[in-house]
Amino acid sequence: MNFKNFTVPYAVDSRFSKKVAYFSMEFAVHQPLKIYSGGLGFLAGSHVRSAYELKLNTIFIGILWKYGYYDQARNQDQSLQVTWVEKQYPFLIDTGIKYQINIHDHPVWVKAWYLAPETFNGAPLFLLSTDLQENDYVSQTICHRLYDANLATKVAQFILLGVGGAKLVDQLNFQPEIYHLNEAHGISAAFYLYQKYNKNLAEVKKRLVFTTHTPEEAGNEKHDMQLCYDMSYFCGLSIEDVKTLTGMDDHLFNHSLAALRFSHIANAVSRLHGKVAQAMWSKYQGICPIIYITNAQNWTYWADKQLYKKLEEDDNFWWDDRKRFLKKRAFDIVADQTGRLFNPDIFTIVWSRRFAGYKRADLIARDKKRFTDLLNNKKYPVQMIWAGKPYPMDYPAINDFNYLVQLSKEYPQVAVLIGYELSLSKRLKQGADCWLNNPRVPREASGTSGMTAAMNGALNFSTNDGWIPEFIKHGINGFVIGKSDYSDMTVPEQDEFDLNSLYDVLQNQILPLFYEQKENWRQIVKNGMNDVRVQFDSGRMVTEYYQKLYI
């Protein structure tokens, strides 16, 4: 295959002929390719798949993480153990492309690997690696661990994605009209392009677009400008030149702010996040317009087609039978990991996603008496499953995970699973009657796990954050916890309010509906399945990128 004058290996749809290069630190394309941590990767993976289905003229650029994010294991007492295991990917194609980039004023060799479209039904994906014999050991480790905790290594990773990715585009002679940054990790590409276009910032801006996923300023990466300079982040520019170019006059380099000033347009990832992002960044001068394009997930990959077939045929008996089978299959995983034998006829709540403090994994269990009463209710029995990966250096989140593990030992109908990746995610969504999502409003930019849960016959029960205000009609296609505006509450007051609301809706509306009004329950779940397919398939999302972001 010719990688020297690369074109996408399929006939491009004329609606999507503009050439785009899309940069992301992580891609969740398929279970065997473990180069993702959570929602950012899930979103990018669905983008890759829909780009292939719709025949977009887009290439995707990421990093080949030798040890992935991490492998979630258990200590002897069942608590979280973080391990790193080398991954092997014989299905990747060696492009033969090798080139050098500058990191810490030192030439580092980069090699490009290729995931062909037919392998996992995705658009062309190029993955960069520094794990080469030509490099010294420190340079080899740049691509070892996704989101490495070492600060200098993390900055080097950002250079690899941004500068290395932009240079790969030149090696391929792809000549994109648009460089799309999925989060600001790759903004070093802007400095590469600035030098390439003879320090003409207008030439950079007309090519660069940016998707921001983080609704809190504190969550956007900032690093010491001197460190970035020492790491060769700025492609030869002096610190004084960088300050002038970016409009940053202190010692910190704000990656997201730079992306907003170097791009001609940016997008938030839900309607609510659009409002939050605009308010958050409005105090800064010189930023580009921020629109919103709500995240979505690839229906073809995620949805259970048999459930949809029975829905379309209005065959309730076989729809129920299929859902029961999906639950039973998921519960085999629960039994294998924990020894707990779950009953597919019992109402099953699943909370599964990345562990982070604002997502409040333990919210439903904070009032232990109410939680115990919920699980011991003979009239409306309940089973509960937790799963998800904390960041390996986020010790409060790890403590939350370990607390839930210890809590589960007190209840035979509670399980905490490990290994939350694409396959387990899909199985748990199929096994859930209720997909519980309770982030602290408005800290969830989008939160797409509920979309794929609905695609597998699970009811969304969520706080009114992220994409949820655009989707849930309470009691019609899902249920909402709490309210939309908490501006008059402290954090403890908000948590207490949401906890009370959660139990009120669950005990007085959801459980009676499931056990006593089966036809109404089934119809609400089906409404969710229909609504999510129309509005939250990633084909809609990537089409909007072309219509609103690229054109």
Side-chain angles (χ1 to χ4, degrees), residues 23-29 33-45 60-73 80-87 103-104 108 110 127-131 138-165 181-189 211-216 218-224 227-228 231 233 253-256 258-259 269 353-359 388-398 400-401 418-422 425 444-445:
F23 295 64
S24 182
M25 281 284 274
E26 47 177 301
F27 290 90
V29 177
L33 188 57
K34 301 172 187 288
I35 56 169
Y36 57 90
S37 69
L40 185 75
F42 278 52
L43 178 278
F60 295 82
I61 299 170
I63 296 176
L64 185 60
W65 302 106
K66 184 175 183 178
Y67 298 103
Y69 183 42
Y70 71 92
D71 292 284
Q72 196 177 19
L80 177 68
Q81 182 183 89
V82 174
T83 63
W84 281 276
V85 178
E86 180 180 346
K87 308 296 185 290
I103 299 179
H104 210 283
V108 174
V110 178
L127 299 172
L128 308 179
S129 175
T130 61
D131 191 46
V138 172
S139 298
Q140 290 176 16
T141 65
I142 293 170
C143 67
H144 279 190
R145 297 177 180 180
L146 174 59
Y147 304 129
D148 197 295
N150 181 279
L151 191 57
T153 305
K154 182 183 285 189
V155 173
Q157 293 175 343
F158 292 177
I159 297 170
L160 175 60
L161 178 65
V163 175
L181 302 183
N182 187 37
E183 266 301 357
H185 305 116
I187 190 59
S188 62
T211 297
T212 174
H213 294 259
T214 310
E216 294 183 305
N220 290 275
E221 296 271 2
K222 302 181 187 71
H223 292 112
D224 183 80
L227 171 67
C228 293
M231 295 294 297
Y233 190 97
F253 177 73
N254 185 323
H255 299 262
S256 295
V269 290
R353 54 191 48 82
R354 183 174 62 88
F355 269 66
Y358 76 89
K359 294 178 185 284
K389 285 186 175 183
Y391 179 67
M393 300 301 168
D394 185 350
Y395 297 110
I398 291 173
D400 286 344
F401 182 90
I418 59 169
Y420 190 66
E421 295 171 350
L422 281 166
S425 176
E444 188 71 88

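Just so we're clear, the structure is a prediction, and the values are computed from it rather than from any experiment. These values consider heavy atoms only, across backbone and side chains, with no hydrogens, waters or symmetry-generated copies.
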So does Leu64 get a backbone contact from the side chain of Ser129, meaning a donor-acceptor N/O pair under 3.5 Å?
no
Side-chain donor/acceptor of Thr130 to backbone N/O of Ser139, under 3.5 Å:
yes
Say whether, by atom type as modelled, one donor and one acceptor occur between the side chain of Thr83 and the main chain of Asp71 under 3.5 angstrom.
yes
Residues Ile63 and Cys143: closest non-hydrogen pair is CG2-CB, 3.9 Å
Partners of Asp131 by salt bridge (charged side-chain N to carboxylate O under 4.0 Å, His left out), sequence neighbours excluded?
Lys66
Residues at least two apart in sequence or cross-chain that pass ring pair (Phe, Tyr, Trp, His ring centres under 6.0 Å) with Tyr391, listed by chain then number, are none
Counterpart residues, ring pair (Phe, Tyr, Trp, His ring centres under 6.0 Å), relative to His213 (two or more places apart):
none
Under the side-chain contact (heavy atoms from CB on, under 4.5 Å) rule, collect the residues that match up with Val82, sequence neighbours excluded.
Tyr70, Leu80, Trp84, Pro392
Just to verify, what does Thr141 make a side-chain contact (heavy atoms from CB on, under 4.5 Å) with, not counting sequence neighbours?
Tyr137, His144
Test of understanding: with salt bridge (charged side-chain N to carboxylate O under 4.0 Å, His left out), list the residues that count as partners of Asp148, not counting sequence neighbours.
none
Please work out which of the three classes, parallel, tilted or perpendicular, describes the rings of His185 and Tyr147, given edges at 30° and 60°.
tilted
Please check if the side chain of Gln157 supplies one atom and the backbone of Arg145 the other of a donor-acceptor pair under 3.5 Å.
yes
